[in-house]
Engineer: 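Could you have a look at this structure, given as C-alpha cells, before my questions?
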Amino acid sequence: MNLSNYLVLASILFAIGTATVLLRRNAIIVFMGVELMLNSANLLLVTFARIHGDLQGQVMAFFVMVVAAAEVVVGLAIIVSIFRARRSASVDDVNLLKN
Amino acid sequence: MTQLSVLLSLPASITSGGNVSSGETALFWVLAPLMVFGALGLLFARKAVHAALGIVLVMISLAFLYTAQEAPFLGVVQVVVYTGAVMMLFLFVLMLVGVDNSDSLVETLKGQRWIGAILGLGIAAALIGVIRTATFDQAKGLTAPNADSNPVGVARVIFGQDIFAFEVVGVLLITAALGALVLTHRQRLVPRVGQKERADARVASGGRLAPLAAPGVYARSNAMDTPALDPEGRPIEESVSRVLRTRGQRRSATEVEAQVGGTSAIEPAQIEPAQIEEGTQP
C-alpha cells in the first residue's frame with residue numbers, strides 16, 4: 001500500500017469536518033467539526049514526516065495538538081457563556097448584531 | 001517498562017519499494033472505514049452525544065494510525081490530550097448545555113444546506129484530486145531519526161531548534177486558561193431581586209397588601225364556596241377560591257341565608273347587581 005492512502009483519508013476527514021461546520025447549527029457540533037479538521041491535518045503532517053524521513057512534521061503535529069487544546073478551552077468557555085446569556089447553543093440564535 | 005520500550009522501538013515498516021508492510025495495510029483498511037463512519041456520524045447524528053462518540057472513535061483510530069506510522073509519542077499524546085482531555089471537556093459542556101439540545105431543522109439562510117453540501121463535496125474532490133495527481137518522493141521512513149526511539153528524536157527537535165516555539169506555546173496555554181476563567185465567570189446582567197425588592201414592588205404597584213380573606217364561615221354553613229362578609233355585610237368575592245369562581249361553583253351569601261332561614265343582616269339591596277347575576281348560577 002502506498003502512503004498516499006493516508007493523505008486521501010485525511011482529505012476525506014477534512015471535507016467531512018468542513019461540511020459539519022457549514023451544515024450543523026449546534027455550536028458544540030460545529031466545534032467538533034473544527035477539531036476533526038485539525039486532526040486530519042495532523043494525520044497529514046505525520047504522513048509527510050514519514051515520507052520525507054524528517055521528524056519536523058511530527059513536532060508540527062504536536063504543536064497543533066497543544067494549540068487545539070488551548071482553542072478548545074477558550075471556545076467552550078465562549079459557548080457556555082453564550083448559553084448562559086441566551087439559553088441556546090444554536091449558532092442561529094446569536095444574532096444580536098443583526099439589523 | 002519493557003512494554004514501553006517494545007512500543008517505542010517498533011520495527012521500521014517501510015519496505016524497500018516505499019510501500020508499507022502488509023500488517024499496516026490491513027490495519028489501515030480496517031480503521032479507515034471506521035474513521036469515515038465516525039466522522040459521518042458527526043455530520044448526521046441527531047443527538048450531540050452520538051456525534052461526540054463518533055469523534056472519539058475517529059480520534060482513537062488516529063492514535064492507532066500514528067503508532068503504526070512510526071510516531072508512538074504522538075499516538076500516546078493523541079489518546080491523552082484529545083480523547084482524554086478535549087473530548088471529555090466536550091462531554092462536560094454537553095452536560096451543562098443540555099443533552100437534548102438537538103438541532104433545529106429550520107433553514108434560516110435559504111439554500112444553505114445545498115450550498116454547504118456542494119462545498120463539502122467540492123473540497124473533498126479538490127483535495128483528493130491534488131493528492132492523486134501529485135507525485136511524491138519514495139517514502140524514506142523514520143528509521144534513522146527514530147534510532148534513539150521516537151520520543152527522544154521528537155524531544156531533540158522540540159528542545160533544540162523549536163525551543164522558542166515551545167515557550168510561546170506555554171504562554172499561549174496560560175493565556176487560554178486565564179481566558180477560560182474570565183469567560184466563564186458569571187456576570188450578573190440584571191440586579192438581584194431579593195425579598196426586600198419584591199416587597200417594595202408589591203407596595204409600589206398599589207395592589208392588595210394583606211392576605212386574602214378566608215371564605216365565609218357561618219353558623220350552619222361552613223364551606224369553601226361561600227364568600228365571606230365584610231364589616232358592612234357585603235360579600236367579599238376574592239375570599240372564594242379562584243378555581244370555584246371560574247367554574248361557577250360558588251354560592252352567594254343570600255343563597256346560604258335562604259337555606260339557613262337566616263337572621264343575618266344581609267339584604268339583597270346591599271349586594272351589587274353583578275354579584276347577584278353570578279350568584280344565580282348553580
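Fair warning: this is a prediction, and the values are worked out from it, not measured in the lab. To find a chain, count down the sequence lines: A is the first, B the second, and so on, and within it residues start at 1.
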Engineer: So, does B:Q78 use its side chain to make a donor-acceptor pair with the main chain of A:N39 at under 3.5 Å?
Structural biologist: no

Engineer: What distance separates B:I128 CD1 from A:L7 CG, expressed to the nearest 0.5 Å?
Structural biologist: 11.0 Å

Engineer: Where does A:I78 contact chain B at under 4.5 Å (heavy atoms): side chain, backbone, both or neither?
Structural biologist: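 Both backbone and side chain.
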
Engineer: Does the side chain of A:N2 reach to within under 4.5 Å of the side chain of B:F136, using non-hydrogen atoms?
Structural biologist: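 Counting from C-beta outward, A:N2 and B:F136 never come under 4.5 Å.
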
Engineer: What heavy-atom pair brings A:A69 and B:V86 nearest, and what distance separates the two atoms?
Structural biologist: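 Residues A:A69 and B:V86, closest heavy atoms: CA-CG2, 4.4 Å.
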
Engineer: What's the verdict on side-chain hydrogen bond (donor to acceptor under 3.5 Å, both in side chains) for B:Q161 and A:Q56, showing C-alpha distance, side-chain angles and the deciding distance?
Structural biologist: CA-CA 10 Å; B:Q161 62 186 97; A:Q56 190 69 49; 3.3 Å; yes

Engineer: Say you draw a straight line from CZ of A:F48 to CG of B:D137; how long is it, rounded to the nearest 0.5 Å?
Structural biologist: 10.0 Å

Engineer: Where is the tightest heavy-atom contact between B:A117 and A:L23, given as atom of each residue plus distance?
Structural biologist: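 Where B:A117 meets A:L23 most closely, the heavy atoms are N-CD2, 4.0 Å.
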
Engineer: Nearest 0.5 Å, please: how far is CD1 in A:I51 from NZ in B:K140?
Structural biologist: 10.0 Å

Engineer: Anything in residues 175-183 of chain B with a heavy-atom distance to chain A below 4.5 Å? Please list those residues in order.
Structural biologist: B:A176, B:A180, B:L183

Engineer: If I compare all heavy atoms of A:R50 with all of B:Q69, which pair ends up nearest, and what's the gap?
Structural biologist: NH1-OE1, 3.1 Å

Engineer: With rounding to the nearest 0.5 Å, note down the distance linking CG in A:L9 to CD1 in B:I131.
Structural biologist: 10.0 Å

Engineer: Donor-acceptor pair, distance only, cut-off 3.5 Å: does the side chain of B:Q112 make one with the backbone of A:L22?
Structural biologist: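 A pair under 3.5 Å: yes.
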
Engineer: Is it the side chain or the backbone of A:L43 that comes within 4.5 Å of chain B heavy atoms, both, or neither?
Structural biologist: both

Engineer: For a side-chain contact (heavy atoms from CB on, under 4.5 Å) check, start with the C-alpha distance between A:L55 and B:N150, then their side-chain angles and the critical distance, and finish with the verdict.
Structural biologist: CA-CA 9 Å; A:L55 281 177; B:N150 176 253; 3.8 Å; yes

Engineer: So for A:N5, is it side chain, backbone, both, or neither that comes closer than 4.5 Å to the heavy atoms of chain B?
Structural biologist: both

Engineer: How about A:I28 and B:V97: do any of their side-chain heavy atoms sit closer than 4.5 Å?
Structural biologist: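 Yes; the side chains approach each other to less than 4.5 Å.
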
Engineer: Measure distances from B:R156 to the heavy atoms of chain A and classify the residue's part below 4.5 Å as side chain, backbone, both or neither.
Structural biologist: neither

Engineer: At a 4.5 Å cut-off on heavy atoms, which part of A:T18 comes close to chain B: side chain, backbone, both, or neither?
Structural biologist: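 Contact with chain B involves the side chain of A:T18 alone.
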
Engineer: At a 4.5 Å cut-off on heavy atoms, which part of B:A52 comes close to chain A: side chain, backbone, both, or neither?
Structural biologist: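 B:A52 touches chain A through backbone and side-chain heavy atoms alike.
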
Engineer: Please round to the nearest 0.5 Å and tell me the distance separating atom CG of A:L76 and atom OG1 of B:T184.
Structural biologist: 11.0 Å

Engineer: Decide yes or no on side-chain contact (heavy atoms from CB on, under 4.5 Å) for B:F73 and A:Q58, but give the supporting numbers first.
Structural biologist: CA-CA 9 Å; B:F73 173 68; A:Q58 291 190 11; 5.7 Å; no

Engineer: Does any heavy atom of chain A fall under 4.5 Å from the side chain of B:A125, the backbone, both, or neither of them?
Structural biologist: neither

Engineer: Do you know which two heavy atoms are closest between A:A49 and B:L142, and how far apart they sit?
Structural biologist: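 Of all heavy-atom pairs spanning A:A49 and B:L142, the closest is O-CD2, 3.6 Å.
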
Engineer: Would you mind telling me which of B:S22, B:G38, B:A45 has the largest number of heavy-atom pairs within less than 4.5 Å of chain A?
Structural biologist: B:A45

Engineer: Between A:V80 and chain B, which part of the residue has a heavy atom less than 4.5 Å away: side chain, backbone, both or neither?
Structural biologist: side chain

Engineer: For the side chain of A:R24 and the backbone of B:L43, is there at least one donor-acceptor N/O pair under 3.5 Å apart?
Structural biologist: yes

Engineer: If you count heavy-atom pairs under 4.5 Å between each of B:L62, B:V77, B:V58, B:V81 and chain A, which one has the most?
Structural biologist: B:L62

Engineer: Are any non-hydrogen side-chain atoms of A:V8 and B:R132 less than 4.5 angstrom apart?
Structural biologist: yes

Engineer: Between A:E35 and B:Y82, is a side-chain contact (heavy atoms from CB on, under 4.5 Å) present by the stated rule, with each step listed?
Structural biologist: CA-CA 9 Å; A:E35 290 303 309; B:Y82 264 118; 3.0 Å; yes

Engineer: With chain B as the partner, which of A:T47, A:I12, A:I79, A:V67 has the greatest number of non-hydrogen pairs under 4.5 Å?
Structural biologist: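 Winner by heavy-atom pair count: A:T47.
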
Engineer: Relative to chain A, which segment of B:A144 carries a heavy atom at a distance below 4.5 Å: side chain, backbone, both, or neither?
Structural biologist: neither

Engineer: Is it the case that atom CZ in A:F63 sees more than 12 heavy atoms from other parts of the structure closer than 6.0 Å?
Structural biologist: yes

Engineer: Find the distance between CG (B:L42) and CD1 (A:I16) and round it off to the nearest 0.5 Å.
Structural biologist: 8.5 Å

Engineer: In the structure I gave you, are the side-chain heavy atoms of A:V66 and B:F166 within less than 4.5 Å of one another anywhere?
Structural biologist: no

Engineer: Chain B: which of A:V72, A:V59, A:V74, A:L13 shares the most heavy-atom pairs with it under 4.5 Å?
Structural biologist: A:V59

Engineer: Heavy-atom count check: over 12 atoms from other residues, nucleotides or ligands less than 6.0 Å from A:M60 CE?
Structural biologist: no

Engineer: For each of B:A155, B:A39, B:A134, B:A124, tally heavy-atom pairs with chain A at distances under 4.5 Å, and name the one with the top tally.
Structural biologist: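 That would be B:A39.
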
Engineer: Between B:E70 and A:V46, does a side-chain contact (heavy atoms from CB on, under 4.5 Å) hold up when you go through it step by step?
Structural biologist: CA-CA 9 Å; B:E70 302 173 68; A:V46 170; over 6 Å; no

Engineer: In terms of heavy-atom proximity below 4.5 Å to chain B, should A:F14 be classed as side chain, backbone, both, or neither?
Structural biologist: side chain

Engineer: Determine the minimum heavy-atom distance between B:G120 and A:A19, stating which atoms define it.
Structural biologist: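 Heavy-atom minimum between the residues: CA-CB, 4.4 Å.
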
Engineer: For A:Y6, is it the side chain, the backbone, both or neither that has a heavy atom under 4.5 Å from a heavy atom of chain B?
Structural biologist: both

Engineer: Do you know which of B:F90, B:W29, B:F44 has the most heavy-atom pairs with chain A at a distance under 4.5 angstrom?
Structural biologist: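 Sorted descending by pairs with chain A, the first entry is B:F90.
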
